[in-house]
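Mind having a look at this structure? Questions to follow.
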Amino acid sequence: MLPFPTCSNFPGRSTLAMWCGGLALLLLACAPAQATPAFARQTGSVCADCHATAYGGGANGPNLTPYGMRFKLSGYTDSNGSGPPIPVAAQLIATHTVPARGEVTSRLTEADIYLAGRLTDHIGAFVKVAADNTGGGNYKVRLAHVDLRFVAPGLQLAGRDLTLGVSVNNSPGFQDPVSALPGASTLGPPGVTGTLLNLSSPNAPANRVIGATLYGVYDSDWYGEIGTYSALSVAAQDSLGYRASGDPGKLGDTGYFRFAWMKDLKRHFFSAGVVALTTSRQRPRGVPADDITDLGYDLTYQYLGTREHIVQLSYVNVYERRDYGNRPLGPAGQLAQAHGAARDQILSASYTWRQTYGITFSHLDSNGTPDAVRFVPYAEPHTTSNLLSLYWVPFGKEGSIARYGNLKLAATWFRFSRFNGTSSNIFGAPPGAPMASADDLDAFSVSISVAF
């Protein structure tokens, strides 16, 4: 996670600290997704085989290559017979952060342990336990990602190859092979509203639910998945390292659906998919439930060529329909609206040279139905932001000195052009009081990550 400005250094209203503290949690957009050395030790392949950049994907780098997608769909079980019996890896991340307003910090921001790879012939896992630096030398341990898989490869249907599998995971979309959806790419638009599939939404279900999905790959090109999720209890979330304030609420009758066409032409890769998530949610728990339905589509193109120059373009658009059961009262006694909507859009482009040097740019847009009660002070929840990242990965490629260890240096700019529907006085401070603008939420960071 990109460290955010220390909001106590902002002058102004008391709600400013609350909003900034919430945004620090919402900026999961900057949590990297890794190609763990455990995978490389298990398969004998280098990290660059599965990822366009040799360290991994996520917000600071391109996504999986077609080879990496097949490895994920195989349940992380492919192996050349090497590697330890328990697939364990680790990562350390140190970050120097310079916010537009607030405290400049330099600290070891995260220490991670992974259980990542083959457990049996048909069972594999990607599990991440993270220790996040909360300041003052204190660390908060949390169960960040879970994707346990059972896979049955080598089947046939109408003379075509068929793979069937089951994924038990804790974040809708994290298990997706294309890695374009917010959950899989760890990139989502932050803001005051957002869809269920956006892991940066307030009280997002990411990492706070448990679910199971059945998936299949037919003839290498067609991917389908269906499943369900249930929210963990507040006590269970606390035991796994998550604060009660981020509780997604009680979920009922939850369904997840995914369908995608994926075409690997060796030098080029195309994908187009649709996704749906529907649930009845009580937030806070015990109030009348809101009926929520997400519908989205995504488009991805990769130019792989000879791997010297790799380009990736992706676009994700998720629309959410909300029928509110809980309608709070505003200060003037008016009821919040009975119906509403939200929309999250992510446009990303990345370029990598020799899988070593790269640049990623993403435009993030989160919008929703105006509501004077739910979205104070302007009734307008529109937020736009941009992410720019430069990175250098010296290892993880054929011929590298450290074949099964890795290093990454990255510089990241996160910029806001609109928040709460405006670029100035975003928290509605009265005349004469200190005001905050959208660009006061900007941050720049330099990080070094080591995986082994």
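One is the number of the first residue; the rest follow in order along the sequence. Remember, it's a predicted structure, so these values are computed and weren't measured experimentally.
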Polar side-chain atom of R41 near backbone of V88 as donor-acceptor pair, under 3.5 Å: yes
Cation-pi check, K72 onto F174 ring (under 6.0 Å, within 45° of axis): yes
Interatomic distance, E380 atom CD to T369 atom OG1 [nearest 0.5 angstrom]: 9.5 Å
P182 side chain reached by I346 side chain, heavy atoms, under 4.5 Å: yes
Plane angle bin for Y351 and H309 - parallel if under 30°, tilted between 30 and 60°, otherwise perpendicular: parallel
Closest approach of G44 to N80 (non-hydrogen atoms, all atoms of both residues): CA-ND2, 3.5 Å
CG-OG distance between D440 and S423, expressed to the nearest 0.5 angstrom: 11.0 Å
Contact check, side chains of V178 and Y223, non-hydrogen atoms, under 4.5 Å: no
Main-chain N/O of L295 paired with R321 side-chain donor or acceptor, under 3.5 Å: no
pair I359-L388: side-chain heavy atoms closer than 4.5 Å: yes
Aromatic ring pairing F259/W222, orientation class (parallel under 30°, perpendicular over 60°, tilted between): parallel
Donor-acceptor contact below 3.5 Å, side chain H145 vs main chain V127: no
Pair E110, N133: side-chain N/O donor-acceptor within cut-off below 3.5 Å: no
Candidate pair T300 and S314, rule side-chain hydrogen bond (donor to acceptor under 3.5 Å, both in side chains), full reasoning: CA-CA 4 Å; T300 297; S314 65; 5.1 Å; no
Nearest heavy atoms of C47 and N406, plus distance in Å: SG-ND2, 3.7 Å
CG-CG distance between L92 and L407, expressed to the nearest 0.5 angstrom: 11.5 Å
Presence of salt bridge, R258 and D298, under 4.0 angstrom: yes
Residue pair L148, I123: steps toward the side-chain contact (heavy atoms from CB on, under 4.5 Å) verdict: CA-CA 7 Å; L148 302 174; I123 298 175; over 6 Å; no
Verdict with reasoning, T279 to L196, per side-chain contact (heavy atoms from CB on, under 4.5 Å): CA-CA 9 Å; T279 192; L196 288 173; 3.6 Å; yes
Derivation and outcome, side-chain contact (heavy atoms from CB on, under 4.5 Å), residues F416 and T383: CA-CA 8 Å; F416 284 79; T383 296; 3.9 Å; yes
Q237 side chain vs L232 backbone, donor-acceptor pair below 3.5 Å: yes
Shortest non-hydrogen separation from P153 to H122 and the atoms involved: CD-ND1, 3.9 Å
Test log, rule side-chain hydrogen bond (donor to acceptor under 3.5 Å, both in side chains), inputs Y315 and Q345: CA-CA 7 Å; Y315 175 69; Q345 299 180 78; 2.5 Å; yes
Greater than 12 external heavy atoms within 6.0 Å of D219's CG: yes
Check: V146 main-chain N/O paired with N170 side-chain donor or acceptor under 3.5 Å: yes
Side-chain heavy atoms of R267 within contact of T306, under 4.5 Å: yes
Side-chain (D176) to main-chain (L181) donor-acceptor, under 3.5 angstrom: no
Distance (rounded to the nearest 0.5 Å) between L304 CG and K266 NZ: 10.5 Å
Donor-acceptor contact below 3.5 Å, side chain S79 vs main chain Q42: yes
F71 and Y76 aromatic ring geometry - parallel, tilted or perpendicular at 30°/60° bounds: perpendicular
Rounded distance [0.5 Å steps], CZ in F39 versus OG in S45: 12.0 Å
S245 versus N203, closest heavy-atom pair with distance: O-ND2, 3.1 Å
CG/L265: more than 12 non-hydrogen atoms of other groups inside 6.0 Å: yes
Test item: T360 side-chain N/O and S389 main-chain N/O as donor-acceptor pair under 3.5 Å: no
Under-4.0 Å salt bridge between D290 and R283: no
Whether T109 side chain and I93 backbone form a donor-acceptor pair below 3.5 Å: yes
Flag for S366-D344: side-chain donor and acceptor within less than 3.5 Å: yes
Distance-minimising heavy-atom pair for F375 and V192: CE2-O, 4.0 Å
Under-4.0 Å salt bridge between D247 and K250: no
Side chain proximity check, F269 to K263, heavy atoms < 4.5 angstrom: no
Worked verdict on N198 versus V318 for side-chain contact (heavy atoms from CB on, under 4.5 Å): CA-CA 8 Å; N198 177 3; V318 181; over 6 Å; no
H382 vs D365, side-chain hydrogen bond (donor to acceptor under 3.5 Å, both in side chains): CA-CA, chis, key distance, verdict: CA-CA 8 Å; H382 197 183; D365 187 286; 2.9 Å; yes
Nearest-0.5 Å distance that lies between atom OG1 in T65 and atom CZ in R70: 7.5 Å
Side chain proximity check, M262 to L73, heavy atoms < 4.5 angstrom: yes
Main-chain N/O of L157 paired with Y218 side-chain donor or acceptor, under 3.5 Å: yes
W392, CH2: over 12 other non-hydrogen atoms inside 6.0 angstrom: no
Aromatic plane relationship, F270 with W261 - under 30° parallel, 30 to 60° tilted, over 60° perpendicular: parallel
Note, P177 side chain near L64 side chain (heavy atom, < 4.5 Å): no
Aromatic contact, H339 with Y324 (centres under 6.0 Å): no
Working for side-chain hydrogen bond (donor to acceptor under 3.5 Å, both in side chains), residues D264 and Y67: CA-CA 9 Å; D264 180 12; Y67 179 88; over 6 Å; no
Contact check, side chains of R374 and P381, non-hydrogen atoms, under 4.5 Å: no
Minimum heavy-atom distance between T293 and T278, given as atom pair plus value: OG1-OG1, 3.2 Å
Residues T384 and S417: side-chain donor-acceptor under 3.5 angstrom: yes
